[in-house]
Every structure is written in C-alpha cells, then in structure tokens.
Amino acid sequence: MTQEDDSDRMPADLEAVLEAADEAEAAEAAERERSDAPPLPPALILAVVGLLCGFATIALVWLSERGCERFRDTTNCGAFGLPLLVLIVVVAVVLGGLALSRLAMPHPKLIPFLGIAFMVAVVIGFLTGQLDSPWIIAVVPALTAVTFLLANLVARLLERADA
C-alpha cells in the first residue's frame with residue numbers, strides 16, 4: 001500500500017468524526033447518570049453506611065480473634081492486639097469514606113473518621129465488659145449508625161464555623 005491509498009481511507013474531516021464520537025460518549029454518560037428514582041435522604045445514607053461500617057468492624061474483630069486463636073491458641077492477641085485494633089479502625093474509616101464518596105455525600109472523609117472514633121470511645125468507655133455478649137453484634141452497628149449521624153452534625157457545625 002502506498003501513502004496515497006491510506007489517505008483515501010481516512011475521513012475528510014477527522015475532527016468532525018472525533019467530535020461526534022465525543023458527543024455520543026457524553027450522551028451515553030449522561031444517560032447512565034440519570035436516575036428516575038428520587039434521591040435518598042442523607043440521614044438514611046449515613047445511617048446505612050454507619051451500619052455497614054459497624055458490621056465490618058465486628059467482622060474484622062472476629063477475624064482477628066480467630067487468627068490469634070489459630071496462631072497463639074488464645075483469642076488474646078498480646079502485643080499484636082493494639083496494632084490489629086488500629087488497623088481495624090483504619091479499614092473501617094477507609095470503607096466508610098469510600099462508600100460516602102461514591103454516594104456523593106459531603107465530608108466523605110471526616111464523617112467516617114468522627115463516626116468510628118465516637119463509636120470506639122463509647123465502646124471503650126461503656127461496653128468493655130460486655131464485648132463477649134452476643135447482643136454486641138447488634139449494638140455496635142446500631143451505635144455506629146448513630147455516631148455517623150452525630151458526626152454529620154459535627155461536620156456541618158464545623159462547616160458553619162468556618163464560614
């Protein structure tokens with residue numbers, strides 16, 4: 001093939017073709033983003049994400065206990081306990097932040113940080129003796145949902161104080 005043959009196959013106005021393709025992609029993206037469902041209330045989104053973070057925290061604590069039990073023959077992790085708990089808190093904050101940012105909520109990093117921190121403070125302050133009880137599986141996620149709502153209130157108050 002010669003260069004002349006290639007030029008015959010190229011469209012006359014390449015920019016127009018590229019513009020049309022970009023417009024088609026933009027139309028498809030707008031169609032995908034459009035939703036006929038009404039938006040969910042922010043309080044509901046925060047409570048559900050808080051519940052999920054609470055369940056994730058309970059699951060990660062349970063997994064760490066099983067891991068310590070397997071390797072140390074006791075659920076007490078010893079020197080690894082505090083780093084494991086810090087890791088669990090970080091993972092819960094990151095998961096909450098990812099969920100809130102995907103749902104386009106304001107303050108997607110501050111709310112999970114404060115919500116998990118408030119939950120940990122309440123658990124350490126008031127529920128330390130009852131952590132082996134089966135009802136703690138329901139209490140921690142519910143508490144985390146409430147602390148996420150409280151964290152949203154604190155974030156909004158901080159936002160007003162900055163303005």
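When a residue number appears, it is its place in the shown sequence, counting from 1. Note that these values count all heavy atoms, side chains included, but never hydrogens, waters or copies made by symmetry.
Under the side-chain contact (heavy atoms from CB on, under 4.5 Å) criterion, Ala145 pairs with Ala47, Leu51, not counting sequence neighbours. When the side-chain contact (heavy atoms from CB on, under 4.5 Å) test is applied to Ala56, the partners found at least two apart in sequence or on another chain are Leu95. Considering only residues two or more places apart in sequence or on other chains, Leu157 meets the side-chain contact (heavy atoms from CB on, under 4.5 Å) condition with Leu153, Arg160. Qualifying side-chain contact (heavy atoms from CB on, under 4.5 Å) partners for Val123, counting only residues two or more places apart in sequence or in other chains: Met119, Leu127, Leu131, Val140, Leu143. For the salt bridge (charged side-chain N to carboxylate O under 4.0 Å, His left out) test, residues two or more places apart in sequence or in another chain that qualify with Arg66 are Glu69.
Between the CD atom of Glu65 and the OG1 atom of Thr74 there is a distance of 9.5 Å, given to the nearest 0.5 Å. Note that CD1 of Ile111 is 4.0 Å distant from CG of Asn152, once rounded to the nearest 0.5 Å. Considering CD1 of Ile137 and CD1 of Ile58, their distance stands at 7.0 Å, rounded to 0.5 Å.
The cluster map of Ile, Leu, Val, Met, Phe, Trp and Tyr, joined by side-chain heavy atoms under 4.5 Å apart, puts Ile124 and Trp135 in the same cluster. Under the 4.5 Å side-chain heavy-atom criterion for grouping Ile, Leu, Val, Met, Phe, Trp and Tyr, Val94 is not connected to Leu52 through any hydrophobic cluster. Follow the hydrophobic side-chain contacts under 4.5 Å out from Leu150 and you reach Leu114 in the same cluster. One hydrophobic cluster, built from ILVMFWY side chains closer than 4.5 Å, holds both Leu82 and Val90. Residues Leu110 and Val89 share a hydrophobic cluster, clusters being chains of Ile/Leu/Val/Met/Phe/Trp/Tyr side chains in contact below 4.5 Å.
Within 6.0 Å of CZ on Phe80 lie no more than 12 heavy atoms contributed by other residues, nucleotides or ligands. The number of heavy-atom neighbours closer than 6.0 Å to CG of Asp22, taken from other residues, nucleotides and ligands shown, is above 12.
Applying the disulfide bond (SG atoms under 2.5 Å apart) test to every pair with at least one member in residues 77-131, sequence neighbours left out, gives these pairs: Cys68-Cys77. Sorted by first and then second residue, the disulfide bond (SG atoms under 2.5 Å apart) pairs involving residues 80-155 (not counting sequence neighbours) form an empty list. Within the structure, salt bridge (charged side-chain N to carboxylate O under 4.0 Å, His left out) pairs that include any residue of residues 74-96 do not occur (at least two apart or interchain). Residue pairs satisfying the disulfide bond (SG atoms under 2.5 Å apart) criterion with at least one member in residues 123-161, sequence neighbours excluded, are absent.
Think of Trp62 as one node in a network of Ile, Leu, Val, Met, Phe, Trp and Tyr side chains linked at under 4.5 Å; its network also takes in Leu63. Taking Ile, Leu, Val, Met, Phe, Trp and Tyr as members and joining any whose side-chain heavy atoms lie under 4.5 Å apart, directly or through other members, Phe71 forms no hydrophobic cluster with any other residue.
Closest non-hydrogen pair, Pro112 versus Gly96, comes out as CG-C, 3.5 Å. Of all heavy-atom pairs between Phe148 and Cys53, the closest is CZ-SG, 3.8 Å. Considering all non-hydrogen atoms of both residues, Ala155 and His107 come closest at CB-CD2, 3.8 Å.
A side chain to side chain contact (heavy atoms under 4.5 Å, CB included) with Thr144 holds for exactly one of Thr57, Val49, Ile116; it is Ile116.
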List the atom pairs, with distances to 0.1 Å, where a side-chain N or O of residues 97-106 and a protein N or O form a donor-acceptor pair under 3.5 Å, not counting sequence neighbours.
unit_1 : atom_1 : unit_2 : atom_2 : d
Ser101 : OG     : Gly97  : O      : 3.1
Ser101 : OG     : Leu98  : O      : 3.0

